[in-house]
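Working notes for the structure below.
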Number of protein chains: 2
Amino acid sequence: MNLTEAKKQFIQTWGTLGSEWGINRTMAQVHALLLISPNALCTEDIMEQLNVSRGNANMNLRELMNWTLISKELVPGDRKEYFVAEKDIWEIARIIARERKRREIEPVLKVLNGLKEVEGDQSDKELKAFTETVNNLSNFVGKMDKSVDMMLKADENWFFGTILKMIK
Amino acid sequence: MNLTEAKKQFIQTWGTLGSEWGINRTMAQVHALLLISPNALCTEDIMEQLNVSRGNANMNLRELMNWTLISKELVPGDRKEYFVAEKDIWEIARIIARERKRREIEPVLKVLNGLKEVEGDQSDKELKAFTETVNNLSNFVGKMDKSVDMMLKADENWFFGTILKMIK
DNA sequence: TTAAACTTTCAATCATTTCTGAAAGTTTAT
DNA sequence: ATAAACTTTCAGAAATGATTGAAAGTTTAA
């Protein structure tokens, strides 16, 4: 396979994965494009290579900046803004884990903890089933949350080293 | 808060989380409803409680069956089909991990491994950046895959015990 | 200043996904 | 056999999410 075809496939695959994960397809594609680009790209480059509009490119670049997955790079003597992606995969994984924790795990944990305080007759079958599920879930999601915290502080080799050793 | 309100909030929260994870909102809501229900529910019950059409209820029940998150339960002397959810949270987590691994991780890994074989001049900056990213990613995704395998075989207490011990 | 270069916004449009509900299909009891 | 009870399907409608592109906004250089 040649490079052009391979790039196309990589960008397409990353885009699909993104949308399966609730991330805008174009955002994932822009990220993919920057990930494999040896130098910084400007908005025009991205519009061209991905065939998207200026507005779309701008919005998704901004969102990637929000996630801190990419950053601006100034090219001396050029007024345009250029963008580069963080290339370290472990760092990328940590950024994604951090963002998803913040946006998904934490709010759910909050709701679940609130729901523990539902009041009523504890001999009611309905209520019993409800509180039991909520307690179990809140316990589980709490552990997940702590696990992510741990991962956020960890070094890659140590993390996978320990995890993968568990299987032996 | 009373039970009715709490149930509503639980179902709504679970639905939102689902759609952030690329899972159909109604599917997640049906799952939530069955999770907190002490007894099996039939299609009618679900249509009523979630205000969805018969077609929608049917399709999402089927999909939950596919995931093996719920199962049919026959009530003697009744022709209707009733559904119950798996209640064990660790088991649920494993089912979800298994499905997502199969649908998301494995296909991506396959593509990434294919992309390692891109041919061309290795002194080309573009190609070098591409292969480096692909190799790093494939390495990382491979480790994630193995970690999920490990989790699928593990016992909950041991798994979180080990993970959470790492933080100390 | 001012005008060129560049970035951002947002109403309208387009694309995709989800949902509806009536009709077709299936099963069961008699 | 048949009709009632129940389940599944699927074409079209609705809802949601993504994208466009032109206009407004901002920055910079001279």
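Every heavy atom of this structure was used, including side-chain atoms; hydrogens, water molecules and symmetry mates were not. Chain identifiers are assigned alphabetically (A, B, ...) following the order of the sequence lines, protein sequences preceding nucleic acid strands; residue numbering begins at 1 within each chain.
- The interatomic distance linking N66(B) (CG) with dT8(D) (C1') rounds to 14 Å, in whole Å.
- Judged by distance alone, the side chains of E132(B) and N135(B) never bring a donor and an acceptor atom under 3.5 Å apart.
- Straight-line distance from the CG atom of L50(A) to the P atom of dT20(D): 10 Å, rounded to whole Å.
- dG21(D) atom C1' lies 13 Å from atom CD of E44(A), rounded to whole Å.
- Rounded to whole angstrom, the span from the NZ atom of K80(A) across to the P atom of dA29(D) amounts to 14 Å.
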Return all side-chain donor-acceptor pairs below 3.5 angstrom for residues 102-111 of chain B, not counting sequence neighbours, or 'none' if the list is empty.
residue, atom, partner, partner atom, Å
R102(B), NH2, E99(B), OE1, 3.0
R103(B), NE, E99(B), OE1, 3.0
R103(B), NH2, E99(B), OE1, 2.8
E104(B), OE1, W21(A), NE1, 3.0
E104(B), OE1, R100(B), NE, 3.2
E104(B), OE1, R100(B), NH2, 3.3
E104(B), OE2, R100(B), NE, 3.2
E104(B), OE2, R100(B), NH2, 3.1
E106(B), OE2, K101(B), NZ, 3.1

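- In this structure, L61(B) places its CG atom 14 Å from C1' of dC6(D), rounding to the nearest Å.
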Quick tally for nucleotides 10-30 of chain C: nucleotides whose base has a protein heavy atom under 4.0 Å get B, sugar-phosphate-only ones S, the rest -, giving --------SSBB-----BB--
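- Checked against dC6(D), dT7(D), dT7(C), the side chain of E81(A) finds its nearest nucleotide in dT7(C).
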Run the side-chain donor-acceptor check on residues 74-81 of chain A: report pairs under 3.5 Å with partners two or more places apart or on a different chain.
residue, atom, partner, partner atom, Å
D78(A), OD1, K80(A), N, 2.9
D78(A), OD2, Y82(A), OH, 2.8
E81(A), OE2, K72(A), NZ, 3.0

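- Of the inter-residue distances, the one linking E63(B) atom CD with I70(B) atom CD1 reads 10.0 Å to the nearest 0.5 angstrom.
- Comparing the local axis fitted to the first five base pairs of the helix from dT1(C)-dA30(D) to dT30(C)-dA1(D) with the one fitted to its last five gives a bend of 10°, rounded to 10°.
- Shown here are the side chain to side chain contact (heavy atoms under 4.5 Å, CB included) partners of P38(B), two or more places apart in sequence or in another chain: K125(A), E126(A), A129(A).
- The distance from the CD1 atom of I163(A) to the OG1 atom of T162(B) is 9.0 Å, given to the nearest 0.5 Å.
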List the atom pairs, donor and acceptor, that lie under 3.5 Å between side-chain atoms in residues 39-47 of chain A and the rest of the protein, sequence neighbours left out.
residue, atom, partner, partner atom, Å
E44(A), OE2, R54(A), NH2, 2.6
D45(A), OD2, C42(A), N, 2.9

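- For dT8(D), one of the phosphate oxygens OP1 or OP2 lies less than 4.0 angstrom from a side-chain nitrogen or oxygen of N58(B).
- Taking atom CD1 on I46(A) and atom C1' on dT20(D), their separation rounds to 17 Å, with Å as the unit.
- Remark: K116(A) NZ is packed, more than 12 non-hydrogen atoms of other residues, nucleotides or ligands lying under 6.0 Å away.
- dT19(D) atom C1' lies 14 Å from atom CZ of R62(A), rounded to whole Å.
- By the 6.0 Å contact criterion, CE on M27(A) is enclosed, its count of non-hydrogen atoms from other residues, nucleotides or ligands being greater than 12.
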